[in-house]
Amino acid sequence: MRMAHLFGRTIREAPADAEFPSHQLMVRAAMIRPLGAGIYSLLPLGYRVIRKVEQIVREEMDAIGGQEMLMPFVHPADVWRRSGRFDAIGPEMVRLKDRGDRDMVLAMTHEEVVTDLTGTEVSSYKQLPQIIYHLQSKFRDEPRARGGLIRVREFTMKDSYSLDADEAGLDESYRQHAIAYTRIFERLGLDFIRVGADVGMMGGSASDEYMAFSPHGEDIILICPNGDYAANREVAEFQADTPEREELLPMEDVETPNAPTIQALADQLEFPLSRTAKAVFYKSGTGKFIFVVIRGDLDVNETKLRNAIRESELIPATAEEIKAIGAEPGYGSPLGVKDCLIVADQSVVRSPNLVAGANRPGWHVRNVNLGRDYEAEVVADIAAATEGARCPICGTPMQARRAIEVGNIFKLGTRYTTAMGATYLDQNGKAQPVVMGSYGIGIGRSAASVVEQNYDDRGIVWPISIAPFHVSLLTIGKDDDVRAATDQLYADLQAAGIEVLYDDRGERPGVKFNDADLIGNPVRLSISRRTLDNNEVEMKLRTEPDAELVPLDGVVGHVRGFVDRLLAELAPSA
RNA sequence: CGGGGCGUGGCGCAGUCCGGUAGCGCACCGGUAUGGGGUACCGGUGGUCGGAGGUUCGAAUCCUCUCGCCCCGACCA
């Protein structure tokens, strides 16, 4: 590609609203342009990156027996009603009507369509197992898009679906996907980890996420330094510490003016947070009042709480609602409250003689004990793990790291096939629901995550597997013979199968060097008066600080070797 | 949706408080010199000041409504 005719210009200053490095750099490097909130055009340079990511995904999906297909982007609502998700999913699903006033939705995922197809295409155990996939647009009307390609509303996802006869088959399909995903993210050059995750709106029995490390990640994962455990904070378990055994003391009122927060209370009583019981109030989607008791030094993990009480929605309770059950905001305790579900974190079971609220302003109660002074309907681990929480396997303090979710795999089981009647006949001629898994990779998000992990103060540093081009070729100066030599090298490199972005613009050398660094192709070649007079080409790798001079007549083979070596470095480990 | 902020040439901004002919830098076009890290100078092109309504002799500026975008929180690839 000749840069003089490239559609899209690099810009010096990033738009003021771009905050993430990947967002700023991809806009500046003429790879993406916003059209609306969370809606982007991919310019030619950016689309080359995306196509390479897609190709890697294709190759690895094909390698585990995936069959590529394509399902529609606009769905009749009916298919979503059959799965029950038309009503279950909130406003993140875009609903519209066609001219016949029929309800339609924009695809936010494709389980329903796959299940519908499974019903028509699969009828015998002999046809199983199957893995099908496609690369297709999704639209999720996110409450808040952000961060360039990291979190958008319209995006391309590789989603695949496994169809198996039984759970054992699903386990194998899941395992195969795990292998493919590891290979894909290794080939992208990502620093990532696979972690256990929450099943969320997908439902099903198991889920793992592929998380690319980044300080801008929206998720926090907890990692055992011994490699025993890694999980999303949403579900991360940890070993509760075991407080010293104490005799249960009688309750005792204590005056605590101006201590409406747990920290203020602890300061006032000169008491560690871990010796207090904190009350947290929620209203569930089904209208139940949820009274959570947790030790003062811990925070509620709402995902764990939702799972523990089997509620899909939790809303913080209002002061009026809190008073209605007999509690006092800021001084709440489970003592004597009514009309609510009391949920205790496991931490309060083990911790005796806590300070809790007295349900009247300005007063707390010492030595409150679960089981003696109040009862909890549910006792579970609902605490959020934090940095330093102890590994549930080995007890070592865990690290907390931010990460971007680039892939997610789910064991769905028969949740969709049962609801929608997708069955096959087994060896005995008996109808069985097909057992399903679903597996996603965000294509643009993966590319942006690569940028988040590979940039410097000059621009993007692409791994060669998904760089827009292998080589940036610069002609320096205006001399005709320099220009002619660069033109020739451009042709020779292309003939050798090397992808070249040729900066043939009449720009100053500094402009070309800066743009080459910004765009971030792995190899930079420059020909100038000086190098041509010595029959040399300057070659510099984007990752290296220094350039080297290569004889002009051997440069194509030399570059070919570098490109092959760089590609080989990204070969999957297994 | 709740809270905060911003809309002025393609990008970054000033002007708004205190109404009086729309400005600066970059980019873009023409020219001269220059030619290995965003070169200098000269001359240009380009803007319904997000939109609608109102107040006023006069509105980017004041008022009302509205649309869009960004940031912080609850969701997800």
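Keep in mind it's a predicted model, so treat the numbers as computed, not measured. Reminder, nothing fancy here: chain letters follow the sequence lines and each chain counts from 1. Heavy-atom basis, side chains included; hydrogens, waters and symmetry copies ignored.
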(request) Counting heavy atoms from C-beta on, name the nucleotide in B:G38, B:G73, B:C76 closest to the side chain of A:R144. (result) B:G73
(message) Can you tell me which nucleotide in B:G35, B:C76, B:G38 comes closest to the side chain of A:K478?
(response) B:G35
(message) I'd like to know if A:D17 reaches the base of B:C6 with its side chain, counting only an N/O donor and acceptor under 3.5 Å.
(response) no
(request) Mind running salt bridge (Lys or Arg N to Asp or Glu O under 4.0 Å) on A:K304 and A:D381 for me, showing each step along the way? (result) CA-CA 7 Å; A:K304 283 186 182 178; A:D381 169 18; 3.0 Å; yes
(request) State the pairing partner of B:G7; accept Watson-Crick or G-U wobble contacts with both distances under 3.5 Å, and report none otherwise. (result) B:C67
(message) Say we look at B:C11 and B:G51: how far apart would their P atoms be, to the nearest angstrom?
(response) 15 Å
(request) Scan every strand shown for a Watson-Crick or G-U wobble partner of B:G36, both distances under 3.5 Å, and answer none if you come up empty. (result) none
(message) Suppose we define a pair by two distances each less than 3.5 Å, Watson-Crick or G-U wobble; what does B:A77 pair with here?
(response) none
(message) Go through it in stages, so that I can follow the logic: the residues are A:F291 and A:F281, the test is ring-ring contact (aromatic ring centres under 6.0 Å, His included), and I'd like the CA-CA distance, side-chain angles, deciding distance and then a yes or no.
(response) CA-CA 5 Å; A:F291 192 124; A:F281 312 102; 4.9 Å; yes
(message) Mind checking if A:A14 touches a base, just sugar-phosphate, or nothing, with heavy atoms under 4.0 Å?
(response) sugar-phosphate
(request) Starting from P on B:G37, measure out to CG on A:L518 and report it in whole angstrom. (result) 18 Å
(request) State the OG1-CD distance between A:T118 and A:E111, to the nearest 0.5 angstrom. (result) 11.0 Å
(message) Between the side chains of A:R2 and A:D503, is the shortest nitrogen-to-carboxylate-oxygen separation below 4.0 Å, so that they form an ion pair?
(response) no
(message) Tell me which nucleotide, if any, is Watson-Crick or G-U wobble paired with B:G47 when both distances must be under 3.5 Å.
(response) none
(request) In whole angstrom, give me the gap between the P atoms of B:A33 and B:C49. (result) 42 Å
(request) Determine which nucleotide pairs with B:U55, using a 3.5 Å limit on both distances of a Watson-Crick or G-U wobble pair. (result) none
(request) State which of B:G36, B:C11, B:C76 makes the closest approach to the side chain of A:S528. (result) B:G36
(message) Taking atom types as they are modelled, would you say the side chain of A:R505 forms a donor-acceptor pair with the base of B:G35 within the 3.5 Å cutoff?
(response) no
(message) When the C1' atoms of B:U21 and B:G47 are compared, how many Å lie between them, rounded to an integer?
(response) 15 Å
(message) With a sphere of 6.0 Å drawn around CG of A:D480, does it hold more than 12 non-hydrogen atoms of other residues, nucleotides or ligands?
(response) no
(request) Ignoring backbone atoms, establish whether A:R306 has a side-chain N or O less than 4.0 Å from OP1 or OP2 of B:C75. (result) yes
(request) Decide whether a cation-pi geometry holds between A:R140 and A:F155; the criteria are a distance under 6.0 Å from NZ or CZ to the six-membered ring centre and an angle within 45° of the ring axis. (result) no
(request) Tell me what A:V27 touches on the nucleic acid: a base, only sugar-phosphate, or nothing, going by heavy atoms under 4.0 Å. (result) nothing
(message) Give me the distance, rounded to whole Å, that separates B:A77 from B:A27 when you measure between the C1' atoms they each carry.
(response) 36 Å
(request) Find the distance A:H216:NE2 to B:A77:C1' and express it as a whole number of Å. (result) 19 Å
(request) Among B:G36, B:G38, B:U39, find the nucleotide with the atom closest to the side chain of A:R508. (result) B:U39
(request) Could you work out the separation of B:U61 and B:U48 based on their P atoms and round it to a whole Å? (result) 15 Å
(request) For A:E19 and B:C69, give me the distance from atom CD to atom C1', rounded to whole Å. (result) 13 Å
(message) Does a side-chain N or O of A:N408 approach OP1 or OP2 of B:A77 to a distance below 4.0 Å, or not?
(response) yes
(request) Before accepting this row, confirm whether a basic side-chain N of the pair A:R146/A:E218 lies closer than 4.0 Å to the acidic partner's carboxylate O. (result) yes
(request) Would you mind reading off the distance between A:K138 atom NZ and B:A77 atom P, rounded to a whole angstrom? (result) 11 Å
(message) Side chain of A:I476, heavy atoms from C-beta onward: which of B:G36, B:G37, B:A77 has the nearest atom to it?
(response) B:G36
(request) Among B:G12, B:G37, B:A77, find the nucleotide with the atom closest to the side chain of A:V152. (result) B:A77
(message) I need the CG-P distance between A:L149 and B:A77, as an integer number of Å.
(response) 16 Å
(message) For the P atoms, the ones on B:A60 and on B:G54, what distance do you get once it is rounded to whole angstrom?
(response) 15 Å
(request) With the side chain of A:R12 defined as its heavy atoms from C-beta on, choose the nearest nucleotide among B:A27, B:C75, B:A77. (result) B:A27
(message) Does either side chain, that of A:D504 or that of A:T475, offer a donor lying less than 3.5 Å from an acceptor on the other one?
(response) no
(message) Under 3.5 Å, is there any donor-acceptor pair linking the side chain of A:R28 to the base of B:G38?
(response) yes
(request) Indicate whether the side chain of A:D62 and that of A:Y133 have a donor and an acceptor atom separated by less than 3.5 Å. (result) yes
(request) Assess whether one donor atom and one acceptor atom, taken from the side chain of A:D517 and the base of B:G37, lie less than 3.5 Å apart. (result) yes
(message) Nearest to the A:R151 side chain among B:C69, B:C75, B:G38, which nucleotide is it?
(response) B:C75
(request) Assign A:A212 to base, sugar-phosphate, or nothing according to its heavy-atom contacts below 4.0 angstrom with the strands shown. (result) nothing
(request) Mind checking A:V406 for me? I need base, sugar-phosphate or nothing, with any heavy atom below 4.0 Å counting as a touch. (result) sugar-phosphate
(request) Measure the distance from CD1 on A:I409 to C1' on B:C76 and round it to the nearest whole Å. (result) 16 Å
(request) Please determine, for B:G23, whether a Watson-Crick or G-U wobble partner exists with both distances under 3.5 Å, and give it or none. (result) B:C13
(message) Please compare A:A16 and A:I441 by the position of their nearest nucleotide in RNA chain B and report the one closer to 5'.
(response) A:A16
(request) From the options B:A77, B:G12, B:G36, select the nucleotide whose nearest atom is closest to the side chain of A:E13. (result) B:G12
(message) With a 3.5 Å cut-off and heavy atoms only, can you find an N or O donor on one side and an acceptor on the other between the side chain of A:R146 and the base of B:C72?
(response) no
(request) Can you tell me the pairing partner of B:G30 across any strand shown, Watson-Crick or G-U wobble, with both distances under 3.5 angstrom? (result) B:C42
(message) I'd like the C1' distance from B:C62 over to B:G20, given in whole Å.
(response) 14 Å
(message) Using the P atom as the point on both nucleotides, what is the distance between B:U16 and B:G23, in whole Å?
(response) 15 Å
(message) Over all strands shown, is A:D515 touching base, sugar-phosphate only, or nothing at heavy-atom distances under 4.0 angstrom?
(response) base
(message) So if I take every side-chain heavy atom of A:E507 and compare against B:G37, B:C28, B:G35, which nucleotide ends up nearest?
(response) B:C28
(message) Heavy-atom nearest nucleotide on RNA chain B for A:V511 versus A:G444: which residue maps closer to 5'?
(response) A:V511
(request) Please work out if A:T303 contacts a base, only the sugar-phosphate, or nothing of the nucleic acid, heavy-atom cut-off 4.0 Å. (result) nothing
(request) Check every strand shown and say whether A:G442 touches a base, only sugar-phosphate, or nothing at a heavy-atom separation below 4.0 Å. (result) base
(message) Can you measure A:R445 atom CZ to B:A77 atom P for me and round it to whole angstrom units?
(response) 8 Å
(request) May I have the distance from A:E234 (atom CD) to B:C76 (atom P), rounded to whole angstrom? (result) 8 Å
(message) Classify A:I11 by what it touches in the nucleic acid, base, sugar-phosphate, or nothing, heavy-atom distance under 4.0 Å.
(response) nothing
(message) The test is salt bridge (Lys or Arg N to Asp or Glu O under 4.0 Å); show your working for A:R151 and A:E142 and say whether it passes.
(response) CA-CA 8 Å; A:R151 183 175 203 76; A:E142 297 284 344; 2.9 Å; yes
